Amino acid sequence: MNADILAVACAYLRADTTIAGIAGDRVATRTPATTDTPWIRATLLDERTDERVRVLHLTRSLLQLDCYAGQPRDYSQSEASLLARAARQALSVMHQTAHEGAVVTRAVLGSMQHLPDETLAPARERYILTVEIHAHP
Amino acid sequence: MSRFVPNPAAHQLLEQAQPMQTHLEDTARTVAGQVRRAGPLGETGNYRRSIRARGTRVVAEDFAWHLVEYGSVKNPPYAPLRRGVRAAGVRLVERPR
């Protein structure tokens with residue numbers, strides 16, 4: 001059975017030392033209870049199988065990573081940017097690492113956008129990263 | 001013996017040709033339909049009604065389209081534009097301005 005790529009990606013990013021230095025273990029699929037320190041929220045937007053293959057094997061999972069800064073400070077934008085770039089760097093070599101329950105063959109990086117979250121007051125610095133992960137059991 | 005000299009403007013010329021424009025407009029309508037399907041209904045249905053195919057483009061005219069597409073700290077991203085493009089069988093290439 002195909003693995004939960006969202007869980008695989010979160011576990012992988014949590015284990016990255018650069019990300020851990022910025023956000024600790026705050027890489028999850030929901031907003032944490034406290035938003036004082038940086039965090040990454042990962043969301044699975046869409047997952048498709050390879051239509052060229054008759055059996056269920058290879059999947060292509062489109063993920064969005066919201067890289068948030070902590071409490072607003074003068075350096076918040078660079079904090080969020082650093083977190084997003086660290087995540088992007090880690091994802092670029094994800095296929096070189098062994099993962100629990102999945103073989104990641106490729107991580108195709110999409111856009112990285114600076115889009116502060118204005119639903120918080122004051123607006124919270126955020127970078128949005130999109131990645132498509134190709135994997136099989 | 002003849003020599004092939006590629007036209008550097010070939011891609012642009014092909015895109016502007018009428019059959020290609022017709023195909024792109026048809027594709028835009030297909031994508032718009034998929035985006036509406038992927039979008040949240042909400043209380044008013046405004047977001048789905050705001051999705052339009054304009055020529056070869058698909059536009060979301062709801063003022064809160066970015067919250068629906070990318071989410072916020074309080075709401076997950078629905079991403080109907082990105083999901084709609086993929087559902088229509090079109091390759092998604094993101095080039096934010």
Side-chain angles (χ1 to χ4, degrees), chain A residues 6 26 28-52 59-72 80 84 88 108-132 134, chain B residues 23-24 26-48 50-51 53 56-97:
Chain A
L6 195 55
R26 289 160 63 89
T29 58
R30 55 195 297 173
T31 301
T34 59
T35 57
D36 296 343
T37 55
W39 79 94
I40 295 178
R41 183 183 70 188
T43 308
L44 176 65
L45 301 181
D46 187 42
E47 185 167 287
R48 292 182 177 267
T49 57
D50 191 338
E51 58 272 9
R52 298 169 297 180
T59 57
R60 291 177 288 133
S61 308
L62 183 65
L63 271 60
Q64 176 175 312
L65 302 177
D66 297 292
C67 303
Y68 280 89
Q71 279 291 343
R88 187 172 62 178
V108 181
L109 296 167
S111 69
M112 187 174 97
Q113 301 184 54
H114 177 220
L115 194 65
D117 189 338
E118 295 172 351
T119 61
L120 290 171
R124 188 66 63 94
E125 289 291 352
R126 170 181 64 165
Y127 278 76
I128 295 175
L129 194 54
T130 310
V131 62
E132 185 179 70
H134 299 200
Chain B
H23 172 70
L24 291 175
D26 288 343
T27 302
R29 279 191 288 272
T30 302
V31 170
Q34 292 294 343
V35 171
R36 283 187 207 102
R37 230 175 252 122
L41 185 57
E43 292 179 6
T44 61
N46 281 344
Y47 178 85
R48 286 189 178 180
S50 81
I51 303 301
T56 60
R57 294 170 182 244
V58 175
V59 295
E61 296 176 335
D62 190 286
F63 73 97
W65 75 268
H66 60 294
L67 290 174
V68 176
E69 184 66 24
Y70 296 109
S72 72
V73 73
K74 296 167 186 168
N75 299 101
Y78 284 92
L81 289 164
R82 287 173 287 175
R83 288 165 52 211
V85 166
R86 285 161 63 96
V90 179
R91 188 164 62 101
L92 175 67
V93 176
E94 295 176 87
R95 290 201 194 100
R97 284 188 250 181

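A, B, ... follow the sequence lines: proteins, then strands. Residue 1 opens every chain. The shown structure was predicted, so the numbers you read here are calculated from the model rather than taken from an experiment.
For A/Asp117, the part lying under 4.5 angstrom from a heavy atom of chain B is the side chain only. Interface residue B/Ala87: backbone and side-chain heavy atoms are both found under 4.5 Å from chain A. Of the two parts of A/Leu120, only the side chain, counted from C-beta on, holds a non-hydrogen atom closer than 4.5 Å to a non-hydrogen atom of chain B. At a 4.5 Å heavy-atom cutoff, A/Arg30 makes no contact with chain B through either its backbone or its side chain. For a residue to count as touching a neighbouring chain, one of its non-hydrogen atoms must lie under 4.5 Å from one of that chain's; by this rule A/Thr43 touches chain B with the side chain only.
Taking every heavy atom of both residues into account, B/Pro76 and A/Arg41 meet most closely at CA-NH2, 4.2 Å. When all heavy atoms are compared, the tightest approach of A/Leu45 to B/Arg83 is O-CD, 3.2 Å.
Here the straight-line distance linking atom OH of B/Tyr70 with atom CZ of A/Arg126 works out to 9.5 Å at 0.5 Å rounding.
With a 4.5 Å cut-off on side-chain heavy atoms, B/Arg86 and A/Leu62 count as touching.
Counted within 6.0 Å of CD on A/Glu118, heavy atoms from surrounding residues, nucleotides or ligands total 12 or fewer; the atom is thus considered open. Around NE2 of A/His114, the count of heavy atoms belonging to other residues, nucleotides or ligands within 6.0 Å exceeds 12.
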- request: Would you sort out whether B/Arg82 and A/Thr130 count as a side chain to side chain contact (heavy atoms under 4.5 Å, CB included), showing the intermediate values?
  value: CA-CA 10 Å; B/Arg82 287 173 287 175; A/Thr130 310; 3.5 Å; yes

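When each of A/Asp46, A/Thr31, A/Thr35 is checked for heavy-atom pairs under 4.5 Å with chain B, A/Asp46 comes out on top.
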